Structures are given as C-alpha cells and as structure tokens.
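Single-structure report; data block below.
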Amino acid sequence: NLKYCLMAMSIKREIKDRMSKLTEKLLKGDKLAAAKLISIIEDKPDEAVKAMEIIYQYTGKAHIIGVTGAPGVGKSSLINYLIKEFREENLSVGVIAVDATSPFTGGAVLGDRIRMQEHSTDPEVFIRSMGSRDHLGGIALSTQKSTRVLDAMGKDIILVESVGVGQVDIAIANVVDTVLLVLTPLMGDAIQTIKAGVMEIPDIYVLNKSDLPGINIVENEIKSMLKLNTSEKDWEPPVVKTQSLTGEGFNILLNKINEHWKFL
Ligand SMILES: Nc1nc2c(ncn2[C@@H]2O[C@H](COP(=O)(O)OP(=O)(O)O)[C@@H](O)[C@H]2O)c(=O)[nH]1
Ligand SMILES: [Mg+2]
C-alpha cells in the first residue's frame, strides 16, 4: 500500500514538473508548447487538470471572439481577413477552429487551415484546429481550456471558429466574450432558425457575401426580427455587411467588435 502511495506521488510530481516546464515555455510564446498543451487538453485529463491549474493565473487579458454560423457562410475567410486587420494594429492573434460536424473526414478543418495559411508563418499568429474528439466532457469545455492556453501565451485576440449543430453554436456564448453570427443571402431559412430561440446568442450579426444578390432582403429580415425582440438588453446587436474576400465592411465590423469589448 505504501509502495502504491509513493508511486502515485512520484507520478503526480512528474506530471506537475512536466506541466510547469511546458507552461514556462508557453508564457514565452512558444508555439510548440501551445500545441502540446492543447493536445493534452484533448487527450489526457489528468495532465490537463495540472496544466490548467498553473495556466489560469496567467489568463484574463485576451479578447476572445467567437465566429459561428453554418458551414460555407465564410467563417474561415472572415477570420483570415480579421487576422490581417488585427496584425496591422500590431495585435497578436490566436485561432482555434472547432468543427463539431465532421467527425471523420476532417475536410472542413483542412479547408480552414488552407484559408488561414497566409498567416501561418507569422510568429505572432497561432492557428490550431480541434477535431470533434469529444470524450472529455464536451467540445465547449476543451475549447474553453484551449482559449486559456492562448490567453496565457500572450495573444491579444483569440478567434474561435465554431460550426456547432444547426446554424448557431449555442455553447460558444459561454466560451467567448463576443459572438459573431455569420449569415449570407443564400440562406433563406436562416432567419427562421434564429427565431427558434437563439436570438440571445449573437452580439454582432455579420451578413457575409454581401456581394451576392438578396443581401438586402436578409438584412431587412434580421433588422425587423431584432426590433421585435423586447428583451431588456443594454447591448443592441448591430448588423454588419461584409465581403470576406475583399475586406469590404471590415472597418465597420472591427469598430463594432471594439465597441462590444468596451461595453463588456
Ligand atoms: N462571394 C463571396 N464568397 C465568399 C465570401 N466569403 C467567403 N466566400 C467563399 O465561400 C466559401 C466558403 O468559405 P469558408 O470561409 O470556408 O466558409 P466556412 O465553412 O464558414 O468557414 C469559399 O469558397 C469562400 O471563398 C464573400 O464575402 N463573398
Ligand atoms: Mg471554416
């Protein structure tokens, strides 16, 4: 029994030492350490607990922005453009792309990485895809822990791309400070889905692909829907039209993101 006790203690100490060393590197901005820690969050609960205990004290500075919406609306393209804009303001950026909808193919995640690739050599940008391995108590939870890792790493802005189930990832609201819901003119039924109980989630409505016909119809529908919402919220979610390939509308979007951050 004593032998078991001693063994358990030495394993615990070994984990603690290893996590301390990793965290030390993380705090210096080491990308490899960040990647290792996120893998630990995904795969090794015991080690993750230890790591998070150490990491928590270094968190709380980053603005965490969630980008949600159906597949294909342009979330990755939007994030790619946001990275560019934030980098021009000299802010460091972390990205976590979560795909809950494609457990086997990983196709979307690969596409995301390609769309954000132009930033992958920038030392101030860290991009990580998370699969849908869901065995540690939910994607939202491991996503949240991963944002803490990037926060401790010193990233000023953390973007979380999340597909979720349906049009909106509801759980994301608990993980991020600011929720962007991306819609496009191509989604006739989108507004109905929003009415069905997720209107409280978005802080900013982004109407992407505003170069396509029908954008004004979607815009009017959302605005009239927002008018009907009688809930006593101090923040009135703005509706911003964007084109993620050209950057049209991003100056307004960035202003709204900043306004919401100040509001919080
Ligand atoms: N016409 C148009 N196409 C866009 C725009 N933004 C993104 N796309 C295209 O929409 C497709 C899906 O984009 P992606 O960023 O992968 O969407 P995600 O699945 O939401 O991450 C890609 O072919 C993009 O090039 C836009 O503003 N206008
Ligand atoms: Mg994507």
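Here, residue 1 is the first one in the sequence, and each next residue gets the next number. Only a predicted model underlies this, so the values are computations on that prediction, with no experimental measurement involved. In each ligand, atom 1 is the first atom listed, and ligand 1 is the first ligand listed.
Among Gln243, Lys209, Lys75, the residue whose heavy atom sits closest to atom 5 (C) of ligand 1 is Lys209. The heavy atom nearest to atom 1 (N) of ligand 1, considering only Thr184, Val182, Asp211, is found in Asp211.
Using modelled atom types, one finds no donor on one side chain facing an acceptor on the other under 3.5 Å when comparing Glu248 with Thr242. A donor and an acceptor atom, one from each side chain of His63 and Asp156, are nowhere located under 3.5 Å apart. With hydrogens and angles left out, the side-chain atoms of His260 and Asp203 include a donor and acceptor closer than 3.5 Å.
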Query raised in the report: Which is it for Val239 and Leu207 under the side chain to side chain contact (heavy atoms under 4.5 Å, CB included) test, yes or no, and what are the steps along the way?
Result: CA-CA 7 Å; Val239 181; Leu207 302 188; 3.7 Å; yes

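The Mg ion (ligand 2) is closest to atom OE2 of Glu161 (considering only N, O or S atoms).
Note on ring orientation: taking the six-membered ring where Trp is involved, the planes of Phe250 and Tyr81 are tilted (angle from 30° to 60°).
Taking every heavy atom of Ser77 and a limit of under 4.0 angstrom, the matching atoms of ligand 1 come to 7 (C), 13 (O), 14 (P), 15 (O), 24 (C). Near Ser244, the atoms of ligand 1 lying under 4.0 angstrom from a non-hydrogen atom of the residue are 6 (N), 26 (C), 27 (O).
For the pair Leu82/Leu254, a side-chain contact is recorded, criterion being any heavy-atom separation below 4.5 Å from C-beta on.
At least one N/O-N/O distance between Gly74 and ligand 1 falls below 3.5 Å.
The Mg ion (ligand 2) lies under 2.8 Å from an N, O or S atom belonging to Ser76.
The pair Arg87-Asp122 counts as a salt bridge, with a side-chain nitrogen and a carboxylate oxygen less than 4.0 angstrom apart.
Under a 4.0 angstrom heavy-atom cut-off, Glu161 registers as being in contact with ligand 1. By the 4.0 Å heavy-atom criterion, Gly72 is counted among the residues contacting ligand 1.
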